[in-house]
There are 2 protein chains.
Amino acid sequence: MAKQELQREALLESVADHLLAHGLQGASLRPLAAAAGTSDRMLLYYFKDKRELMAEALLLIARRFITLLDASRGEPMPAAQLLPMLAGMIGQPLVKPYMQIWLELVALASRGDETIQPAARKICDAFLGWIGQALDIENKTERLAQAAVLFTFIEGLGVLDAVAGPELPAAAVKAARPLFDPA
Amino acid sequence: MAKQELQREALLESVADHLLAHGLQGASLRPLAAAAGTSDRMLLYYFKDKRELMAEALLLIARRFITLLDASRGEPMPAAQLLPMLAGMIGQPLVKPYMQIWLELVALASRGDETIQPAARKICDAFLGWIGQALDIENKTERLAQAAVLFTFIEGLGVLDAVAGPELPAAAVKAARPLFDPA
DNA sequence: GTTGTTTTGTAGCGAGTGCTACACAAAATG
DNA sequence: CATTTTGTGTAGCACTCGCTACAAAACAAC
């Protein structure tokens with residue numbers, strides 16, 4: 001009976017790959033199945049719904065993103081140093097697919113789509129937690145507060161990256177850095 | 001010949017209403033036409049394409065957003081004061097539809113959709129310009145730099161508003177405010 | 001080998017998509 | 001009034017969507 005579970009996981013991996021590469025928009029069963037080397041018929045055999053398939057694939061993507069974050073964990077550093085590092089991170093080609101799908105999740109969540117809520121929440125918590133752990137501030141409430149600020153700013157950078165040229169985000173980072181410097 | 005132009009504008013207004021209310025996702029010709037009191041046949045009579053219709057409707061939405069911004073123009077103020085005001089503004093029910101459709105535009109732009117680029121660019125420039133004009137900083141480059149920072153942060157707040165509860169954005173604003181205070 | 005269960009292919013349904021052909025009415029133009 | 005232009009309804013095409021009915025393999029258990 002583990003065979004079925006194994007096949008489910010394999011399908012989810014392929015579907016996650018396709019979603020990361022081509023986005024949620026227009027991700028229909030037949031292309032997803034083709035990417036996984038099967039037919040839509042089979043996807044709906046292993047998953048009762050398209051909704052169930054998508055929800056589980058998105059959770060897998062969230063898990064992948066978390067491992068990606070954990071892989072680049074280093075020594076805690078001050079905010080003024082962490083900011084440009086994060087700004088550089090979200091531009092990396094390895095991270096970009098996650099930012100793109102993240103923006104799609106945000107747009108859907110804003111319209112009240114509850115299918116994606118678990119994955120979105122997971123990614124959000126993971127990213128925020130990672131930033132908090134990367135800050136070298138002893139006072140916990142102060143650290144969490146700074147993490148929230150940095151998180152918000154990084155999210156804004158993601159938006160600007162998507163919609164504007166590279167100059168505006170770069171200027172924003174350059175101008176924001178001194179704000180975090182120990183005054 | 002002005003009759004045709006008039007009808008086009010009227011249709012665009014209705015389509016813009018519908019898009020603001022229900023989003024871009026799943027906005028197909030027949031519901032759009034029904035919202036405008038006609039048939040899909042007529043939409044494609046006044047607009048050669050769905051793409052042309054959407055592009056023009058989005059530009060109208062951008063114009064509406066700009067007038068909305070201009071209506072709430074006041075005396076320039078310091079950044080530490082402008083930040084909570086902007087944070088409150090994007091939560092207003094009158095502004096929220098624009099934020100929702102903006103997030104959809106961002107997600108599409110991130111995937112390289114060039115149909116929406118003009119509208120996205122227009123909204124972006126208008127918002128950034130509005131923030132710059134609302135800041136009372138004499139030095140122009142300094143003002144533009146601060147505007148970029150505030151803009152980025154507000155975009156991040158929009159994302160957080162969509163995906164997280166209200167506590168996280170509120171905490172981010174509260175923690176970010178002292179950073180802008182004259183040290 | 002004969003059962004019974006799990007996995008898969010084929011085919012298709014009903015609804016929706018953007019878009020078009022055709023016909024006809026209304027209105028402008030001579 | 002006759003004619004051309006402009007506006008509109010009906011019907012439908014070719015396609016995609018999620019999903020399902022049916023049946024035949026593949027495999028297991030006895």
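Residue numbers start from 1 in every chain, and the chains themselves are labelled A, B, ... in the order their sequence lines are given, proteins ahead of strands. All values derive from a computational prediction rather than experimental measurement.
As a whole-Å value, the separation of A:M42 CE from C:dT6 C1' is 10 Å. If you take CG of B:L32 and P of C:dC19, they are 12 Å apart, rounded to a whole angstrom. The CG-P distance, from A:L6 to C:dT7, rounds to 12 Å in whole Å. Computed from coordinates, the A:Q7 CD to C:dT8 C1' distance equals 11 Å when rounded to whole Å. The interatomic distance linking B:Y46 (OH) with C:dT20 (P) rounds to 18 Å, in whole Å. A:L43 has its CG atom 12 Å from the P atom of C:dG9, to the nearest Å. In this structure, CD of A:Q4 is placed 10 Å from P of C:dT8, rounded to the nearest angstrom. As a whole-Å value, the separation of B:K3 NZ from C:dA26 P is 13 Å.
The minimum heavy-atom distance between A:I154 and A:A87, with the atom names listed, is CD1-N, 4.1 Å.
Within the 4.5 Å cutoff, the side chain of A:V149 has no heavy atoms near those of the A:F153 side chain. By the 4.5 Å heavy-atom criterion applied to side chains, B:V95 and B:L68 are counted as neighbours.
Between A:R143 and A:E138 there is no salt bridge, since no side-chain nitrogen of the basic residue lies less than 4.0 Å from a carboxylate oxygen of the acidic one.
By the salt bridge (Lys or Arg N to Asp or Glu O under 4.0 Å) test, A:R63 is found to be paired with no residue, residues two or more places apart in sequence or in another chain being considered.
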Nucleotide N/O of nucleotides 17-20 of chain D paired with protein N/O under 3.5 Å:
| residue | atom | partner | partner atom | Å |
| --- | --- | --- | --- | --- |
| D:dC17 | OP1 | A:S28 | OG | 2.3 |
| D:dG18 | OP1 | A:K50 | NZ | 2.6 |
| D:dG18 | OP2 | A:L29 | N | 2.9 |
| D:dG18 | N7 | A:R30 | NH2 | 2.7 |
| D:dG18 | O6 | A:R30 | NH2 | 3.1 |
| D:dC19 | OP1 | A:D49 | OD1 | 3.0 |
| D:dC19 | OP2 | A:K50 | N | 2.9 |
| D:dC19 | N4 | A:D40 | OD2 | 2.8 |

Scan the side chains in residues 49-61 of chain A for donor-acceptor partners under 3.5 Å anywhere in the protein, sequence neighbours excluded, and list what turns up.
| residue | atom | partner | partner atom | Å |
| --- | --- | --- | --- | --- |
| A:K50 | NZ | A:A27 | O | 2.9 |
| A:E52 | OE2 | A:K48 | N | 3.4 |
| A:E56 | OE1 | A:R8 | NH2 | 2.7 |
| A:E56 | OE2 | A:R8 | NH2 | 2.4 |

